[in-house]
Amino acid sequence: MAIKYRLIKESRECMARLGVVETPHGNFETPVFMAVGTQATVKTLTREELLALGAEIILGNTYHLWVQPGNSVIREAGGLHAFMNWERPILTDSGGFQVFSLAKLRDIKEEGVRFRHHKSGARLFLSPEKAIEIQNDLGSDIMMAFDECPPYPSSYDYLKESADRTLRWAERCLKAHKNKDRQALFGIVQGGEFEDLRKYSAEELVRMDFDGYAIGGLSVGEPKEIQNRVLAFTTPLLPKNKPRYLMGVGSPGMILDAVERGVDMFDCVLPTRIARHGTAMTVRGRVNIANKEFERDFSPLDPACDCYTCKHYTRAYLRHLFKAGEILGMRLVSIHNIRFLVELTENIRKAIREDRFYEYKEKVYRDYGLHDSDKDF
RNA sequence: GGUGGGGUAGCGAAGUGGCUAAACGCGGUGGACUGUAAAUCCACUCCCUCAGGGUUCGGCAGUUCGAAUCUGUCCCCCACCA
């Protein structure tokens, strides 16, 4: 087995749990937030900056790296770790999300998915076997099964058909996987908002015995209550001795809600994307740092934060960088936002260890001025 | 002093009789972003207010049912020539 999950502690208050995932490139503690580095880079940041802010595991993407520079280039470089100079764990997504996000450019068939390259328009074909082959070349510590991420809302019939196909694809992924001692493979539970479909999907995947299980098809525009409801009835279907990964979630409120319901791993482009667009996550909620109110605000972005940006620069300076279109602004806020979520998970782990998860969750909600009904955070 | 070109919203720049409160770009002000087609996208940006109304296209005076657009005159800017 390429990875091993050690359950350290289960919360006495809820389904939250503390664990360690051991991988060929080192261990990481869970719950964990993983920064997204789609194209073999967490956009704008260097390895040193990621290490300094406490990133333990990052993502790469099968579709993007296949298309550019090509998986053979990365294989020749010695794998993705060597290619991008990141010696810690890497998880690669399978291209399943592109089945969703490139909806206008693709066609789903049983055999696989036809894409038009989002830049060149070239015809491409991605299948479970191909996605595994590419990920084998990338050499990630954790590979994801090739799935379909259906949009919200979708009909019951379509979700059933899609979840069924994703199960057949999961089986094919397992069969195609040739590097089982070096790379783990996670299955992805689908089924939309429907309990019977999620149950069916989860049970079939568990029967196939993956190294870990992801919950997919969430955070695609559904109300927060649906997401929480799906998590509440899905995580109990997953084995306790394997990690559980909620794909695509990265707002503080949603992470807390999901940890409470037994999720261990998260990834999201949110912190880095909104950073490049001038929005910072702070203890008091989101801050659009380019706003005029910060023109002469010479205090740190987030006084409570220990990141490089908050220790060295002011809000007025960050606003100036964004107004002037300077790249450094995007970098500094990206550092802060990732650090913010990494620190959140550090605090969550501490809270679980001390059996005061709810106390911590309520504090975060209160400081943000959030309520359970809020769509965001 | 002469000849030619020109003065349109914060800036640049279209528009040369009614469809024009006036394209478009920049700038400005907000907002969005959740397994990255994203240093992107959306909204507003003459004034007052929700629908509606009120003032505009260097100034003034005209022509016309109607003028940013035509005429006269004045002011200013640019280029070249003396």
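Numbers restart at 1 for each chain; the letters A, B, ... are given by sequence-line order, proteins then strands.
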### Query
For A/L59, which contact category applies under a 4.0 Å heavy-atom criterion: base, sugar-phosphate, or nothing?
sugar-phosphate
Is A/H277 stacked on the base of B/rU40 when the test is centres under 5.5 angstrom and planes under 30 degrees?
yes
A/D93 versus A/M247: any side-chain heavy-atom pair under 4.5 Å? yes
So A/Q190, base contact, sugar-phosphate only, or nothing? Heavy-atom distance under 4.0 Å.
base
Checklist line | P gap between B/rC70 and B/rC78, integer Å | finding: 24 Å
note: A/K224, atom NZ; B/rU34, atom C1'; distance rounded to Å ~ 13 Å
Of the candidates B/rG28, B/rU34, B/rA39, the side chain of A/M254 sits closest to B/rU34
query = With distance as the sole criterion, do the side chain of A/D147 and the base of B/rG35 form a donor-acceptor contact below 3.5 Å?
reply = yes
inquiry  = Any base atoms under 4.0 Å from A/I188, or only sugar-phosphate, or nothing? Heavy atoms, all strands.
reply    = base
(request) Identify whether any heavy atom of A/T279 sits under 4.0 Å from a base atom; if not, whether one sits that close to sugar-phosphate; answer base, sugar-phosphate or nothing. (result) base
Fill in: Between A/D297 and A/Y317: side-chain donor-acceptor atoms closer than 3.5 Å
no
A/Q39 atom CD is separated from B/rU36 atom P, nearest whole Å, by 10 Å
**Asked** Between the base of B/rU36 and the side chain of A/T272, is there any donor-acceptor pair under 3.5 Å?
**Response** yes
